[in-house]
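All remarks here apply to the structure that follows.
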Number of protein chains: 2
Amino acid sequence: MSIAETGEFGLIGRIVTRLGTGEATLIGPGDDAAVVKASDGRVVASTDVLVEGRHFRRDWCGAADIGHRAAAANLADIAAMGAVPTALLVALCVPVGLDVTWAEGLADGLTAEAGLVGAAVVGGDTSASPTLTIAVTALGDLRGAAPVTRDGAQPGDVVALAGRIGYAAAGLTVLSRGFRTPKLLVDAYRRPAVPYHAGPEAARLGATSMIDVSDGLLQDLGHVAEASVVGIDVHSDAFDLPGQMRDAAKALGVDPYQWLLAGGDDHPLAATFPPGVTLPPEWRVVGSVHDGSGVTVDRKPWTGGLGWDHFR
Amino acid sequence: MSIAETGEFGLIGRIVTRLGTGEATLIGPGDDAAVVKASDGRVVASTDVLVEGRHFRRDWCGAADIGHRAAAANLADIAAMGAVPTALLVALCVPVGLDVTWAEGLADGLTAEAGLVGAAVVGGDTSASPTLTIAVTALGDLRGAAPVTRDGAQPGDVVALAGRIGYAAAGLTVLSRGFRTPKLLVDAYRRPAVPYHAGPEAARLGATSMIDVSDGLLQDLGHVAEASVVGIDVHSDAFDLPGQMRDAAKALGVDPYQWLLAGGDDHPLAATFPPGVTLPPEWRVVGSVHDGSGVTVDRKPWTGGLGWDHFR
């Protein structure tokens, strides 16, 4: 049944029945606004928007996959402040001819991804639109910790990374060339595996800065370098190149470091820590902070693409 | 200069310089997420999306007007819970050919409207899109009060309204017929005058339910009636029909009660109060709550249109 047939309130009714309740939900969907616990007197909030044709394609990802991706992109931003996500709000703009089961699948994906951290979709809005668009706002709770911003990196710090990198970009290249395998890479693009708990963990470990890598590692570390007024050097030998990624790169004629250093969509967390810190195994050191500016790879400028600009 | 020329970061840079700081802003735009005060350990949150051609037309409203409207629609939802708005987050999807000054004007409108309540735009996201789309999330602070939901209306309660009603719908009809006057009505459509402070005031006065009238009074009171499991009767003689509205209705061949009872976009607040409450002059009684279900006008079913469905 198309959304033109269900109407606005029919669509909302079908979606709302699929949304769970999060640990922090005080009032969920159905009123003018939701009410969510913000236990330490502050709330962390971030918004990311996904536009069909630019951030996703329906022939490459199922509705639930896109829900997972939309939620992950936002939840990762909350984790990157050192906070625990508590809630999502979703503005969904859909062509009226869209089948309502697609919207239901999206809601399922959003709900499942939020559920990984005990959060839930607590509110939102829908509208018809010629362009399928999903704008998500995530809320989070710092639980008494200081937020970890981008501007605290110090010369001498190490740069460490938690979570997969390059997988999603490789999967996107695979899909864009008309292939559906290797499954490892394609699935990584379809559903990121974000190490949400590593964000608050980094805060406890004394991270001096942190960022969600969504637009490419070098570009996002560039934001840290600029905000912190430091230079950052990335060590290319710190990256494991999984066999399937190496093989795919060879088969497709791509430099796999382009995926690792400039690819987005995996949403790992990158943080800087004081020298000498003992990091849990999930955090691997991939670079260092020095006096100066900009980001280099093995002390040299990177000549590949830097990352993603959503208008170019 | 078009947004294709400024690029994503150029656009964001130009917008961010125009955003102020709200009273509750702890960390504003520029990091992975914003941090906003939520002083009583809870945060109120609501999302509304505006799509070009469906919620606004650029030839009918300037960029700043649309910013005012997008902010007002969301801030009113916060007020309708009895809360004080603290922050906005904005996802902006724009055609790449759009002039960047339009986005700057939008940011100015959003900032000015939020500033009316001491709030500010604290974060957001941008993307290119064929369809100009503005998704706004508003946050708010209940300051220790209980949220006023839709489900507490009791038989015997009075229904009261704060703020203008019918003006914006009249202005929209005027514009849609190709006219630009009366200015009072057209301006009301372009920039709602929302009685934000009346929301927390109603909570203090013991409101049993409250809703932001955004889709038409009868339709929105229908949500209250349904959630509260009561019937609501609206008294048509309680409404003042301003002279310019009466004249415009006559000239355009429209029943002005269609504007009053089924028009949106003014964002007045409708609340129910226990009988015998003494209301400040801003709140005027327009109806009553009784045992039963549904919404009537002068004890009779309303035969005009009920309100707005964003898919029809």
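The shown structure was predicted, so the numbers you read here are calculated from the model rather than taken from an experiment. Note: hydrogens, waters and symmetry copies are ignored here, and every other heavy atom, side chains too, is used. Proteins come first, then strands; the chains are lettered A, B, ... in the order of their sequence lines, and each starts at number 1.
Across B:Ala34, B:Ala80, B:Gly140, B:Ala24, the residue that shares the most heavy-atom pairs under 4.5 angstrom with chain A is B:Ala34. Put simply, of B:Ala135, B:Gly123, B:Pro130, the one with the most heavy-atom pairs under 4.5 Å next to chain A is B:Pro130.
Going from atom CG of A:Asp125 over to atom CG of B:Asp48 covers 4.5 Å, rounded to the nearest 0.5 Å. Once rounded to the nearest 0.5 Å, the distance linking NE2 of A:His55 with OG of B:Ser127 reads 4.0 Å.
Within a 6.0 Å radius of CD in A:Glu226, other residues, nucleotides and ligands contribute 12 heavy atoms or fewer.
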List, one per line, each side-chain donor-acceptor pair under 3.5 Å for residues 83-95 of chain A, sequence neighbours excluded.
residue : atom : partner  : partner atom : Å
A:Thr86 : OG1  : A:Leu139 : O            : 3.1

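Only the side chain of A:Val51 comes within contact range of chain B, with heavy atoms under 4.5 Å apart. Of the two parts of A:Leu50, neither the backbone nor the side chain holds a non-hydrogen atom closer than 4.5 Å to a non-hydrogen atom of chain B. Only the side chain of B:Thr133 comes within less than 4.5 Å of a heavy atom of chain A; its backbone N, CA, C and O stay farther away. In this structure, the portion of B:Leu26 lying under 4.5 Å from any heavy atom of chain A is its side chain and not its backbone. With a 4.5 angstrom heavy-atom cutoff, B:Val44 touches chain A via backbone and side-chain atoms both.
Here A:Ser2 pairs with A:Ala4, A:Glu5 under the side chain to side chain contact (heavy atoms under 4.5 Å, CB included) rule; sequence neighbours left out.
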